[in-house]
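Residue numbers count from 1 along this sequence.
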Amino acid sequence: MNCEHILNSSEPDFLDKLTEIAKKLKANVCFEAVAGDLTGQILNRMPFNSRLILYGCLSEQPVGEIDPLILIGRNLKMEYWSPTLSKEI
């Protein structure tokens, strides 16, 4: 594998590492397949004018921990995608 960054979401410092790497790379789009509380935890750390695209539910849990004030205040967008339907939420 020719990867520069590999993160494991089960590690205790995952969110800190993700935030650091995303800031370094100036990333503003996240493709997220786990769902559950992880979606909100990632979204709450994304920079202004970012977009999170949810395309799976590997955790089999509903999306959680989303702070609406952060969505509004940072002008964040969250979308879900499926092969038959894509919608901004």
Side-chain angles (χ1 to χ4, degrees):
M1 226 175 6
N2 188 15
C3 298
E4 188 173 337
H5 304 286
I6 299 173
L7 300 175
N8 181 341
S9 63
S10 64
E11 291 180 357
D13 60 347
F14 165 73
L15 288 170
D16 292 332
K17 286 182 180 178
L18 177 64
T19 302
E20 178 184 324
I21 292 168
K23 190 173 187 175
K24 176 183 170 187
L25 299 174
K26 298 181 181 167
N28 62 358
V29 176
C30 175
F31 291 92
E32 212 280 280
V34 177
D37 290 341
L38 184 60
T39 302
Q41 293 167 355
I42 291 172
L43 193 64
N44 292 338
R45 290 174 172 249
M46 293 180 74
F48 287 86
N49 300 315
S50 293
R51 176 179 297 183
L52 184 139
I53 301 167
L54 182 65
Y55 69 97
C57 188
L58 295 173
S59 69
E60 298 181 351
Q61 299 295 316
V63 171
E65 293 198 24
I66 294 175
D67 183 341
L69 294 177
I70 289 178
L71 284 174
I72 296 165
R74 293 190 193 159
N75 194 31
L76 302 178
K77 290 189 174 29
M78 183 176 165
E79 302 175 28
Y80 69 87
W81 181 88
S82 75
T84 58
L85 180 65
S86 180
K87 182 177 180 182
E88 189 171 305
I89 54 176

Can you name the nearest heavy-atom pair linking Gly40 to Ile66, along with the distance? CA-CG1, 3.7 Å

Run the side-chain contact (heavy atoms from CB on, under 4.5 Å) test on Val34 and Thr39 for me, step by step, so that the C-alpha distance in whole Å, both residues' side-chain angles and the decisive distance to 0.1 Å come before the verdict. CA-CA 7 Å; Val34 177; Thr39 302; 5.9 Å; no

Residues which pass salt bridge (Lys or Arg N to Asp or Glu O under 4.0 Å) with Glu11, listed by chain and number, not counting sequence neighbours: Lys17

For the residue pair Ser59 and Gly36, what are the closest heavy atoms and their distance? OG-N, 3.5 Å

Looking at CG of Leu43 and CG of Leu76, how far apart are the two atoms once the value is rounded to the nearest 0.5 Å? 5.0 Å

Carefully, step by step, assess Leu38 and Phe14 under the rule side-chain contact (heavy atoms from CB on, under 4.5 Å). CA-CA 10 Å; Leu38 184 60; Phe14 165 73; 3.7 Å; yes

Indicate if Leu25 and Leu18 have the same hydrophobic cluster label, given that clusters are the connected sets of ILVMFWY residues with side-chain heavy-atom separations under 4.5 angstrom. yes

With salt bridge (charged side-chain N to carboxylate O under 4.0 Å, His left out) as the rule and sequence neighbours excluded, what pairs involving residues 36-50 come up? Asp16-Arg45

Heavy-atom check, side chain of Asn49 versus side chain of Asn28, under 4.5 Å: no

Hey, is the main chain of Ala35 close enough, under 3.5 Å, to the side chain of Glu32 for a donor-acceptor pair? yes

At what distance, to the nearest 0.5 angstrom, does CD of Glu79 lie from CZ of Phe31? 9.0 Å

Main-chain N/O of Ile70 paired with Asn44 side-chain donor or acceptor, under 3.5 Å: no

Does CD belonging to Glu65 count more than 12 external heavy atoms closer than 6.0 Å? yes

Give a yes or no on whether the backbone of Met46 and the side-chain of Arg74 come within a donor-acceptor separation of less than 3.5 Å. yes

State, to 0.1 Å, how close Phe48 and Gly73 come at their nearest heavy-atom pair, and which atoms those are. CE2-O, 3.4 Å

Let me check something: do Leu58 and Leu54 share a hydrophobic cluster, defined by ILVMFWY side-chain heavy atoms less than 4.5 Å apart, either directly or through other members? no

